[in-house]
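Below are the structure tokens for one structure; questions will follow.
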Amino acid sequence: MSRLMIPRVRRRWRALTWSLVAVLLVGAGTVGVAIWQNTYALREERITVRHDGRRLDGVLARPQKGSGPFGLVVFVHGDGPIDATHDTFYRPLWESFAKAGYASLSLSKPGVGASEGNWQNQSMDDRADETLAAIAWARTRPDIDGGRIGLWGASQAGWVLPKVAARDRAVRFVIAVSPAVDWQRQGRYNLLAELRRDGATRDETRKALRRRETTLRLLRQGATFEQYRTAVPDTDGMTAERWRFIAKNYRSNASEDLRAMRGTPTLLVLAGHDINVDVTDTDAAYRRILPPASLTVRHYPDATHSLVDNAVENSEPRLTLTAVFAPRRLYAAGFLAHQRDFVEQITDREGTE
């Protein structure tokens, strides 16, 4: 089953710390450039949100100037143990939203950083409840305009964003980046795309598909991890925690929640080199379900699932150098500006209503 998360970029991002150490040895001028490029026009505040009896650690990133009240973008993560800044990956986005007069709010997942709990115990409904708690917390802040709160989410957040927007009709907009609609259909697409990328033979592909069908059958039967491990000896990194997480969520399908949030202004962002999500399927589903007047779709042909330029993501030296010396350029050309433009248009639309 696919993990539907930002792939290699996320796993390699932390390793860039060592690359930065090497860069720091080059000279004072190089150090200055790296520090300057990784300094953002933001005021970041560590915050705490309490939900379901647990403490969740987070960051509120406000524009550098002004007292507000600011509009707010609440971030909803993709899969995996993601902290509030996504290992700094979010900061260029926060800065872009700040230029449009919006603050950004992001929480570390349960069990990550100072957040209590375990994110692998969550269903998509649990994640939606957590996001609603973050919105409720934000509306108590005098520097936040409670009537101008929207959502930004990537990848697995595609099953969370519509739930939140459907339950809280005061949510002003949704930005969905590389979302899937149907968990099981997406998982098959991801499996086949990875097999093609890796040059799998027909026999290897058939074997992988049989294994997938066995996994789905066991999930439908409510099998335990031990039963799964007996039936599929090569667990390919599957853990008992991960099995429980998948068992809670493998039936996820965003269609019903998308229908319930109809009318909420939505920006759908899709990448041309996405092997995690079938962008054609997602594009068709969003266009079929959401009214044309409320939906904006942007395609980035040269981007990967993470909206990083494909040539950059697939070159270790370029990825490292870009992350250190020009982190804003990690994202596909135009992506950051288009994010800012979208929320500015929401603000302009509200001003004419």
Side-chain angles (χ1 to χ4, degrees), residues 1-16 19 77-82 86-87 89 154-159 176-216 219 232-239 242-243 245-246 249-250 252 268-285 297-323 329-333 335:
M1 300 294 291
S2 167
R3 297 188 61 172
L4 191 55
M5 63 185 293
I6 291 177
R8 284 174 290 178
V9 167
R10 192 171 180 285
R11 294 196 296 269
R12 286 147 59 178
W13 189 262
R14 291 187 180 117
L16 294 178
S19 300
H77 307 305
D79 195 8
I82 302 174
H86 202 333
D87 295 323
F89 196 66
S155 196
Q156 193 181 90
W159 291 298
V177 179
S178 303
V181 175
D182 182 274
W183 181 295
Q184 294 179 42
R185 193 160 64 241
Q186 169 273 324
R188 189 175 194 279
Y189 169 85
N190 174 231
L191 173 63
L192 291 173
E194 289 186 343
L195 289 167
R196 285 193 299 269
R197 180 198 63 194
D198 298 338
T201 64
R202 287 186 179 181
D203 185 61
E204 289 170 334
T205 299
R206 284 194 293 267
K207 182 178 179 181
L209 288 172
R210 285 197 300 270
R211 173 190 173 125
R212 178 178 181 277
E213 287 305 314
T214 298
T215 300
L216 286 171
L219 286 167
V232 184
D234 177 12
T235 58
D236 191 28
M238 181 74 75
T239 64
R242 186 67 190 177
W243 177 257
F245 177 77
I246 292 172
N249 294 296
Y250 79 99
S252 296
L268 174 63
V269 177
L270 300 170
H273 291 270
D274 196 331
I275 65 171
N276 289 61
V277 169
D278 184 343
V279 298
T280 301
D281 181 74
T282 294
D283 190 341
V297 181
R298 281 200 176 272
H299 287 266
Y300 296 86
D302 297 325
T304 63
H305 179 67
S306 56
L307 267 293
V308 170
D309 181 88
N310 184 57
V312 173
E313 180 170 324
N314 287 288
S315 168
E316 194 78 45
R318 286 188 65 180
L319 180 64
T320 300
L321 290 171
T322 304
R329 294 187 182 180
L330 279 171
Y331 291 103
F335 173 70

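Since the model is a prediction, treat every value here as computed from it, not as a measurement.
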Requested in this report: Provide the closest heavy-atom pair for W243 versus M238 in the form atom of the first, atom of the second, distance.
Outcome: N-SD, 3.7 Å
Requested in this report: Calculate, to the nearest 0.5 Å, the distance between atoms CG and CG belonging to L195 and N190 respectively.
Outcome: 9.0 Å
Requested in this report: Please check if the side chain of T282 supplies one atom and the backbone of P179 the other of a donor-acceptor pair under 3.5 Å.
Outcome: yes
**Report entry** Euclidean distance, F335 CZ relative to L307 CG, rounded to 0.5 Å
**Finding:** 4.5 Å
Query raised in the report: In Å, rounded to the nearest 0.5 Å, how long is the span from NZ of K207 to CG of D234?
Result: 7.5 Å
Report task. Show your reasoning for whether side chain to side chain contact (heavy atoms under 4.5 Å, CB included) applies to V277 and H305. Result -> CA-CA 7 Å; V277 169; H305 179 67; 3.7 Å; yes
Query raised in the report: Is the backbone of A200 close enough, under 3.5 Å, to the side chain of D198 for a donor and an acceptor to pair up by distance?
Result: no
Report task. Please name all residues satisfying side chain to side chain donor-acceptor pair (under 3.5 Å) with R318, sequence neighbours left out, ordered by chain then number. Result -> none
**Report entry** Minimum heavy-atom distance between Y250 and L216, given as atom pair plus value
**Finding:** CD1-CD2, 4.3 Å
Query raised in the report: Side chains of L319 and N314: does their closest heavy-atom pair fall under 4.5 Å?
Result: no
Query - Worked verdict on R188 versus L209 for side chain to side chain contact (heavy atoms under 4.5 Å, CB included) - result: CA-CA 8 Å; R188 189 175 194 279; L209 288 172; 4.1 Å; yes
Requested in this report: Work out which heavy atom in I82 is nearest to a heavy atom in H86; give both atom names and the distance.
Outcome: CG2-CG, 3.7 Å
Query raised in the report: Considering only heavy atoms from C-beta outward, does the side chain of V232 approach that of R211 to under 4.5 Å?
Result: yes
Query raised in the report: Minimum heavy-atom separation for L270 to D283, with atom names?
Result: CD1-CB, 3.7 Å
Query raised in the report: Looking at Q186 and N276, what are the two nearest heavy atoms and their distance?
Result: NE2-O, 3.0 Å
Query raised in the report: So how far is it from T215 OG1 to R210 CZ, rounded to the nearest 0.5 Å?
Result: 13.0 Å
Requested in this report: Quick one: sort the F89 and Y331 rings into parallel, tilted or perpendicular, breaks at 30° and 60°.
Outcome: tilted
Query raised in the report: Can R242 and D79 be counted as an ion pair, charged N to O under 4.0 angstrom?
Result: yes
Query - Reported CG-to-CZ distance for the pair L192 and R212, which is rounded to 0.5 angstrom - result: 8.0 Å
Query - Spacing of I246 atom CD1 and N249 atom CG [to the nearest 0.5 Å] - result: 9.0 Å
Query raised in the report: Is the count of non-hydrogen atoms from other residues, nucleotides or ligands lying under 6.0 Å from R329 atom CZ greater than 12?
Result: no
**Report entry** Heavy-atom pair with the smallest gap, counting every atom of P301 and H299
**Finding:** CD-O, 3.5 Å
